[in-house]
Amino acid sequence: MRTQVGIVGAGPAGLLLSHLLALRGIDSVLIEIRSREYCEARQRAGLLEQGTVKLLRDAGLADRLDRQGIEHGGIYLQFAGERRHLDFVDLTGRTVTIYAQTEVVKDIIARRLADAGSDAIQFSVTDTQIEDIDTDKPKLRYITPDGVGHEVTCDVIAGCDGFHGICRPAIPADALTITEREYPYSWLGILADVAPSTDELIYSHHPHGFALHTLRTPTISRLYLQVGKDDDIANWPDERIWAELQQRLALPGWTLHEGPVLEKAISPMRSFVSTPMRYGRLFLAGDATHIVPATGAKGLNLALSDVAHLAPALDALLHGQPALADAYSETCLQRVWRSTHFSWWMTTMLHRTPGADDMEAQLQLSQLRYVTTSRAAATSLAENYTGMPLP
Ligand code: DHB
């Protein structure tokens, strides 16, 4: 079999890439080791930068996003017993939109299957391999659930298969520079069947550690707690989660409403950048090549930004014009490093490092006071949070 672009991974990056390429008349084969059900159920972040919303709208993927997304014009930062509002619209003229990653995934899967038929995405494949990435005929191999082995000769391969995928490790280790930091804490996230207790997100600095109140819909809340790096979800019965959220988000005169916990999980916090984002005819996008800690919700936005650059670059490359493809890595890395810095900065401003001295807390409180009282500092946060415009 032959295709123009072999795409590994049907997360947001791989899915959007296959759609953007199809709009340009370019065929792709998209393979995924997980089932469709798994991809559509996996809970991730849910905050879209203004540029990401525009990208999805311009690609004709925003019907449901425009109906169900919840536009927010700011956030609250809570610290030292006070809750301060930052008004992004006033500061930057930009907003963000609450719309879960799983919903973005469902929307693109539905669109690809409607446009290109049930073979458009090969779910639940096994034994995936990529070969010959340093030639102009790289190959994708995999076995479909019916047991049939496939070999697809491609013009290029796009590795959109996440941090634990096969594509980045296919590049010789000495061709990559990896810059990495692990944080000494994790996030416990819950989805709760209760109306949000707030109109906009609350990021809370607290002596017990960070907490975040976000939301999914007018009747579903999402909340996060900083927990130990190697903490086990078994240590966190629902009552303990709510008790900790009640303490870390408490404000006189305000009530956090509790409800049934629909799902809960712990995720690690890591900053990771692997460069370059291309090797020969293999192009990497999203978590396959960079990871940010969750604070600020940049992961999904960065992944979609990568493929917004990759689609036109591959289109040009396949038509004999390599300049955009040659610039792909450098172009994306500008934004990747900006978001890596912002995510690190938000994370270290808001979390309690286990065993830290009082200097850490006082410096964090000073910084929080600064970003909530100086228009210049608030504008810097707002500009990064809402995201720079995409091309
Ligand atoms: C969400 C996650 C984040 O990490 C964040 O900073 C804001 C929102 C979310 O899941 O809604």
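Start at 1 and go down the list; that is how both ligands and their atoms are numbered. All values derive from a computational prediction rather than experimental measurement. Residue numbers count from 1 along this sequence.
- Taking the six-membered ring for Trp, Phe163 and Phe272 have ring centres closer than 6.0 Å.
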Distances under 3.5 Å, N/O of ligand 1 against N/O of the protein: list each pair and its distance.
| residue | atom | partner | partner atom | Å |
| --- | --- | --- | --- | --- |
| ligand 1 | 4 (O) | Ala294 | O | 2.7 |
| ligand 1 | 6 (O) | Tyr203 | OH | 2.6 |
| ligand 1 | 6 (O) | Gly296 | N | 2.8 |
| ligand 1 | 6 (O) | Ala297 | N | 3.4 |
| ligand 1 | 10 (O) | Gly46 | N | 3.3 |
| ligand 1 | 10 (O) | Arg216 | NH2 | 2.7 |
| ligand 1 | 10 (O) | Tyr224 | OH | 2.7 |
| ligand 1 | 11 (O) | Thr214 | OG1 | 2.8 |
| ligand 1 | 11 (O) | Arg216 | NH1 | 2.8 |

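- Across Arg281, Lys139, Lys137, a single residue satisfies salt bridge (charged side-chain N to carboxylate O under 4.0 Å, His left out) together with Asp155, and that is Lys137.
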Verdict with reasoning, His85 to Glu200, per side chain to side chain donor-acceptor pair (under 3.5 Å): CA-CA 9 Å; His85 188 245; Glu200 289 188 336; 2.5 Å; yes

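- Salt-bridge formation is not detected for the pair Glu32/Arg112: no Lys NZ or Arg NE/NH1/NH2 atom is positioned less than 4.0 Å from an Asp or Glu carboxylate oxygen.
- Checked for salt-bridge contact, Arg94 and Glu49 miss the test: no charged N lies under 4.0 Å from a carboxylate O.
- Taking the six-membered ring for Trp and the full ring otherwise, Trp187 and Phe210 have centroids separated by under 6.0 Å.
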